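Take a look at the structure below.
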Amino acid sequence: MTERPRGSVTREASSLVIGPSRVEWTGDALHIHIEERDTRLFNPVHRPVRGVVKVHPEALNPTSFALDHDERHIWHCLAPRARIEVEMERPGLSWTGKGYFDHNRGSEPLEDGFRVWHWSRAHTKRGALVCYEGERRDGSLFASAIRFDREGVAEDAELPPIARLERSKWRVERSARSEISVARVRRTWEDTPFYARSELSSHLDGEEVVAVQESLDMRRFASPIVQFMLPYRMPRLRK
């Protein structure tokens, strides 16, 4: 992931180009063309990262949700359930599996609107269940569970009890929801000073599920130390 200037971005009705990478709708699938380099700290080789991820939605959801009273932050789950095909040239990897596609948009930086949030999503026999909760910058709390059926139609669901999780290696506090108040971290995929993304075992919609969970601490993100460290993990090109 590389931050790029405005001149490197082109957006059209069915495509988005950022530098050499692009995202485009082709037929009924979303094709994500990745053309980057591995520029992590202490990795002088800068190996190319190149390939295509194809997202095939099982259904599309047209409804977006505001995360704050003034609607400065909007979350839209476009494809609650999807199939994915991953074909990477560099490194040479490929696989298929289950997927999901959403995006956030807003009129102010995330750190201006939120302190922390926790999010999780699981495929279920009925469709998919998403749990979203956190604390806004003004101290108010929000929490909701949204069920999507196999046609992509959203409805409010009863919010399951909190399931506490162990902190990440960077000591990011993590939390999830489970109908039996218990969930277990199977793997942590991404662990940073302000963000953790994990695979969980949980119990939702009356069944044992494998869920994807993320926790984000915007207070840490906004700290001068983390802001100093970010360019070493996510390069910033000026031109």
Side-chain angles (χ1 to χ4, degrees), residues 23 25 27-32 53-67 73-86 94-105 114 116-135 141-168 172-191 195-216:
V23 180
W25 283 105
D28 59 355
L30 183 71
H31 290 197
I32 305 169
V53 178
K54 298 178 182 179
V55 181
H56 301 270
E58 295 180 9
L60 291 175
N61 162 51
T63 306
S64 58
F65 302 89
L67 301 180
H73 301 273
I74 306 296
W75 169 66
H76 188 182
C77 171
L78 288 89
R81 293 176 60 102
R83 295 182 297 104
I84 62 167
E85 302 173 22
V86 180
S94 65
W95 70 90
T96 61
K98 299 177 181 178
Y100 167 90
F101 180 59
D102 73 352
H103 76 255
N104 291 77
R105 64 181 186 271
F114 302 94
V116 296
W117 79 32
H118 307 286
W119 171 96
S120 66
R121 188 272 307 167
H123 278 53
T124 67
K125 294 176 182 177
R126 299 170 63 178
L129 187 69
V130 176
C131 297
Y132 222 139
E133 62 187 300
E135 181 181 355
L141 304 178
F142 66 97
S144 62
I146 302 174
R147 180 184 293 111
F148 297 90
D149 66 17
R150 288 186 171 271
E151 302 301 320
V153 178
E155 65 174 358
D156 290 334
E158 182 177 352
L159 191 64
I162 293 175
R164 297 296 181 187
L165 305 171
E166 67 267 26
R167 289 176 179 262
S168 70
V172 172
E173 184 177 350
R174 295 186 282 192
S175 180
R177 295 282 174 163
S178 172
E179 291 168 346
I180 59 174
S181 302
V182 176
R184 179 177 62 86
V185 176
R186 295 167 53 131
R187 289 184 297 176
T188 298
W189 292 329
E190 189 167 0
D191 190 356
Y195 175 79
R197 188 173 184 89
S198 312
E199 177 186 78
L200 306 182
S201 292
S202 187
H203 195 283
L204 297 168
D205 254 3
E207 60 181 289
E208 295 290 334
V209 299
V210 175
V212 177
Q213 186 272 348
E214 68 177 16
S215 291
L216 178 64

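Computed from a predicted structure; not experimentally measured.
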I'd like to know if the side chain of [X] reaches the main chain of [Y], judged simply by a donor and an acceptor atom lying under 3.5 Å from each other, with no hydrogens or angles considered.
{"X": "R197", "Y": "E190", "answer": "no"}
{"X": "H103", "Y": "I74", "answer": "no"}
{"X": "R174", "Y": "E166", "answer": "yes"}
{"X": "E207", "Y": "K125", "answer": "yes"}
{"X": "E58", "Y": "R83", "answer": "no"}
{"X": "S201", "Y": "R186", "answer": "no"}
{"X": "R150", "Y": "A59", "answer": "no"}

Looking at every non-hydrogen atom in both residues, tell me the closest pair between [X] and [Y] and how far apart they are.
{"X": "A128", "Y": "T124", "value": "N-OG1, 3.7 Å"}
{"X": "G127", "Y": "R81", "value": "O-NH1, 2.7 Å"}
{"X": "G99", "Y": "H123", "value": "O-CE1, 3.2 Å"}
{"X": "S168", "Y": "D191", "value": "OG-OD1, 3.1 Å"}

Check whether any side-chain heavy atom of [X] sits under 4.5 Å from a side-chain heavy atom of [Y], and report yes or no.
{"X": "P160", "Y": "L204", "value": "yes"}
{"X": "P161", "Y": "R177", "value": "no"}
{"X": "L200", "Y": "L165", "value": "yes"}
{"X": "E133", "Y": "L141", "value": "no"}
{"X": "V130", "Y": "D102", "value": "no"}
{"X": "Y100", "Y": "V212", "value": "no"}
{"X": "R121", "Y": "C77", "value": "no"}
{"X": "S175", "Y": "I162", "value": "yes"}

* For H203, all residues meeting ring-ring contact (aromatic ring centres under 6.0 Å, His included), sequence neighbours excluded ->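 H203 satisfies ring-ring contact (aromatic ring centres under 6.0 Å, His included) with no other residue.
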* To do: Using the side chain to side chain contact (heavy atoms under 4.5 Å, CB included) rule, take V209 and L129 through it: C-alpha gap first, then chi angles, then the decisive distance, then the call.
  => CA-CA 10 Å; V209 299; L129 187 69; over 6 Å; no
* To do: Report the residue from Y195, Y132, F142 that forms a ring pair (Phe, Tyr, Trp, His ring centres under 6.0 Å) with W117.
  =>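 Testing W117 for a ring pair (Phe, Tyr, Trp, His ring centres under 6.0 Å) against Y195, Y132, F142 leaves exactly one candidate, Y132.
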Rounded to the nearest 0.5 Å, what separation is found between the [atom1] atom of [X] and the [atom2] atom of [Y]?
{"X": "I84", "Y": "H56", "atom1": "CD1", "atom2": "NE2", "value": "9.5 Å"}
{"X": "N61", "Y": "F101", "atom1": "CG", "atom2": "CZ", "value": "12.5 Å"}
{"X": "R105", "Y": "H76", "atom1": "CZ", "atom2": "NE2", "value": "7.5 Å"}
{"X": "S202", "Y": "E208", "atom1": "OG", "atom2": "CD", "value": "8.0 Å"}

Decide if atom [atom1] of [X] counts as having more than 12 heavy atoms of other residues, nucleotides or ligands within a radius under 6.0 Å.
{"X": "E199", "atom1": "CD", "value": "yes"}
{"X": "R167", "atom1": "CZ", "value": "yes"}
{"X": "E158", "atom1": "CD", "value": "no"}

* Does the ring-ring contact (aromatic ring centres under 6.0 Å, His included) test come out yes or no for F114 and W119, once each step is laid out? -> CA-CA 13 Å; F114 302 94; W119 171 96; over 10 Å; no
* Asked: Going through the checks in order, is the side chain to side chain contact (heavy atoms under 4.5 Å, CB included) test met by E135 and H118?
  -> CA-CA 9 Å; E135 181 181 355; H118 307 286; over 6 Å; no
